[in-house]
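Note that this is a predicted model, so its numbers are computed, not measured.
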Amino acid sequence: MEAFNFTHSDASPFILTGIPGLEAAHVWISIPFSMFYIIGLLGNFMILFTVGREQTLQKPMYLLLCMLALTDIATPTFVVPKALCIFWFSLKDITMSGCLTQMFFLHAVSLMHSAVLVTMAFDRYVAVCEPLRYSTIVTNVRIAKIVLVGLIRAVLFILPLPLLLSRQPFCSNRFIPHMHCEHTAVVKMSCGDISANRTYGLVLFVIVNGVDLTLIALSYGHIIRAVLRISSKAAHQKTLNTCTAHVCVMLMYYTPSLFSYRTQGFGQDITPQVHIILADLYLLVPPMLNPIIYGVKTKELRDKMGKYTCKS
């Protein structure tokens with residue numbers, strides 16, 4: 001993870017403390033963390049395996065689901081192994097270049113995850129509002145192009161975060177009260193002027209979440225309006241069922257994200273332990289639950305996954 005090179009700032013490592021005040025319970029805390037991680041990996045790899053094996057599932061909706069699964073595999077993988085090293089072996093050191101590289105990939109994957117959710121909302125909008133044109137509008141090639149744009153956006157938007165931090169002088173106190181190199185926590189370690197870092201982080205959060213949530217809201221606004229025009233209750237219910245899983249996944253992603261950011265910036269009354277646990281559960285719980293939600297709500301995927309999981 002030595003992707004970023006530095007001069008004087010890289011002389012001594014940062015120390016990730018884990019959860020301050022709960023050091024005695026680190027081993028016990030590691031049990032649910034590792035279980036969530038393993039369950040999430042199994043579920044998401046099962047989705048990738050099933051879609052890869054079944055030709056009938058290799059269409060835009062399920063390819064987007066595979067992209068979501070990839071981000072759900074990557075997100076906790078950038079956090080959990082290091083967290084378990086802290087919990088089990090007290091291996092808390094991390095070089096500055098390693099820290100900023102972890103930060104870059106973690107935040108870039110988060111932006112990629114958001115881009116995939118926006119694309120899924122667009123997919124559902126076309127499926128409900130333009131069903132006769134769906135096969136011509138939403139193609140595998142077009143989805144691949146949209147996802148590529150989302151990837152480029154994530155890299156270009158997140159790259160300034162570690163680059164700005166790499167120019168900062170850091171204090172002798174290099175203890176980061178966290179389990180991973182979260183941007184806000186690392187910025188607080190600097191002894192220099194961090195106004196540019198804070199401003200860029202805030203603008204990035206507001207713009208990305210504002211644009212993505214607006215596009216999703218517009219898509220579902222049109223979907224709801226189209227659903228209300230349907231007179232048949234059976235068709236009405238079927239249309240809503242196609243969107244339920246996506247709505248659940250969006251709520252699980254954006255609600256904790258917004259809450260976590262708000263508590264970091266304005267939740268002075270919330271203890272650091274709660275901040276850290278909420279931030280890490282936000283990285284672990286959605287990747288674990290997303291495959292379950294889609295497995296339950298999407299009949300075609302559920303049937304195909306059942307074919308493999310029930311094999312003796």
Side-chain angles (χ1 to χ4, degrees), residues 43-44 47 50-51 54 56-72 110-147 149-150 153 207-259 282 285-306:
N44 286 294
I47 287 177
T50 304
V51 175
E54 294 292 332
T56 58
L57 295 181
Q58 293 177 14
K59 41 192 182 184
M61 175 182 172
Y62 295 106
L63 294 181
L64 282 171
L65 192 53
C66 286
M67 289 302 305
L68 191 70
L70 287 173
T71 62
D72 282 342
S110 179
L111 253 68
M112 189 63 200
H113 188 106
S114 185
V116 172
L117 290 179
V118 173
T119 310
M120 293 175 81
F122 168 73
D123 172 78
R124 291 301 85 204
Y125 160 74
V126 178
V128 173
C129 300
E130 301 286 346
L132 298 180
R133 301 173 56 201
Y134 179 82
S135 60
T136 57
I137 295 176
V138 184
T139 63
N140 288 353
V141 173
R142 184 161 291 162
I143 289 297
K145 290 179 180 178
I146 293 174
V147 169
V149 170
R153 180 190 76 155
I207 289 179
V208 170
N209 282 276
V211 170
D212 289 359
L213 286 172
T214 298
L215 291 174
I216 290 172
L218 288 173
S219 297
Y220 274 91
H222 287 292
I223 289 171
I224 292 170
R225 188 169 62 180
V227 167
L228 293 176
R229 293 175 181 170
I230 300 174
S231 57
S232 168
K233 286 188 176 181
H236 193 165
Q237 188 63 39
K238 182 179 179 181
T239 303
L240 287 177
N241 283 339
T242 63
C243 302
T244 303
H246 184 229
V247 171
C248 291
V249 168
M250 284 192 304
L251 289 174
M252 279 199 310
Y253 176 76
Y254 287 110
T255 304
S257 174
L258 294 171
F259 179 76
Y282 156 66
V285 174
M288 177 185 68
L289 294 181
N290 286 349
I292 298 173
I293 292 172
Y294 277 104
V296 170
K297 298 300 295 183
T298 311
K299 185 179 184 302
E300 188 177 7
L301 178 62
R302 182 175 68 244
D303 293 343
K304 299 297 184 182
M305 290 176 69

Using the side-chain contact (heavy atoms from CB on, under 4.5 Å) rule, take N290 and L65 through it: C-alpha gap first, then chi angles, then the decisive distance, then the call. CA-CA 10 Å; N290 286 349; L65 192 53; over 6 Å; no

Criterion side-chain contact (heavy atoms from CB on, under 4.5 Å) on V147 and M112, from CA distance to verdict: CA-CA 8 Å; V147 169; M112 189 63 200; 3.2 Å; yes

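Here the straight-line distance linking atom CE of M67 with atom OG1 of T119 works out to 9.0 Å at 0.5 Å rounding. Going from atom CD1 of I146 over to atom CE of M120 covers 13.0 Å, rounded to the nearest 0.5 Å. Of the inter-residue distances, the one linking C66 atom SG with L57 atom CG reads 8.5 Å to the nearest 0.5 angstrom. With rounding to the nearest 0.5 angstrom, the OG1 atom of T50 is 13.5 Å from the CZ atom of R302. Distance check, rounded to the nearest 0.5 Å: CG of L68 to CD1 of I47 gives 7.5 Å.
Taking V126 as the reference, F122, E130, Y134, I137, V138 meet the side chain to side chain contact (heavy atoms under 4.5 Å, CB included) condition, with sequence neighbours excluded. Residues passing the side chain to side chain donor-acceptor pair (under 3.5 Å) test with N209, sequence neighbours excluded: none. In this structure, the side chain to side chain contact (heavy atoms under 4.5 Å, CB included) partners of N140, at least two apart in sequence or on a different chain, are P60, L63. With sequence neighbours excluded, the residues satisfying side chain to side chain contact (heavy atoms under 4.5 Å, CB included) with A226 are V128, C129. In this view, Y125 and H222 satisfy the ring-ring contact (aromatic ring centres under 6.0 Å, His included) rule, not counting sequence neighbours. Residues that satisfy the side chain to side chain donor-acceptor pair (under 3.5 Å) test with S110, not counting sequence neighbours, are Y253. For K145, there are no salt bridge (charged side-chain N to carboxylate O under 4.0 Å, His left out) partners two or more places apart in sequence or in a different chain. Residues passing the side chain to side chain contact (heavy atoms under 4.5 Å, CB included) test with I292, sequence neighbours excluded: L289, V296. Residues forming a salt bridge (charged side-chain N to carboxylate O under 4.0 Å, His left out) with D212 (at least two apart in sequence, or on another chain): R153.
For residues 57-71, every residue pair satisfying the side chain to side chain donor-acceptor pair (under 3.5 Å) rule, not counting sequence neighbours, is listed here: Y62-E300, T71-H113. Residue pairs meeting the salt bridge (charged side-chain N to carboxylate O under 4.0 Å, His left out) criterion with at least one member in residues 61-72, sequence neighbours excluded, do not occur.
Across A115 and G150, no two heavy atoms sit closer than the pair CB-CA, 4.0 Å. Considering every non-hydrogen atom in both H246 and Y294, the closest pair reads CA-OH, 3.5 Å. For the pair P131 and A127, the tightest heavy-atom approach, listed with the atom from each and the gap, is CB-O, 3.5 Å.
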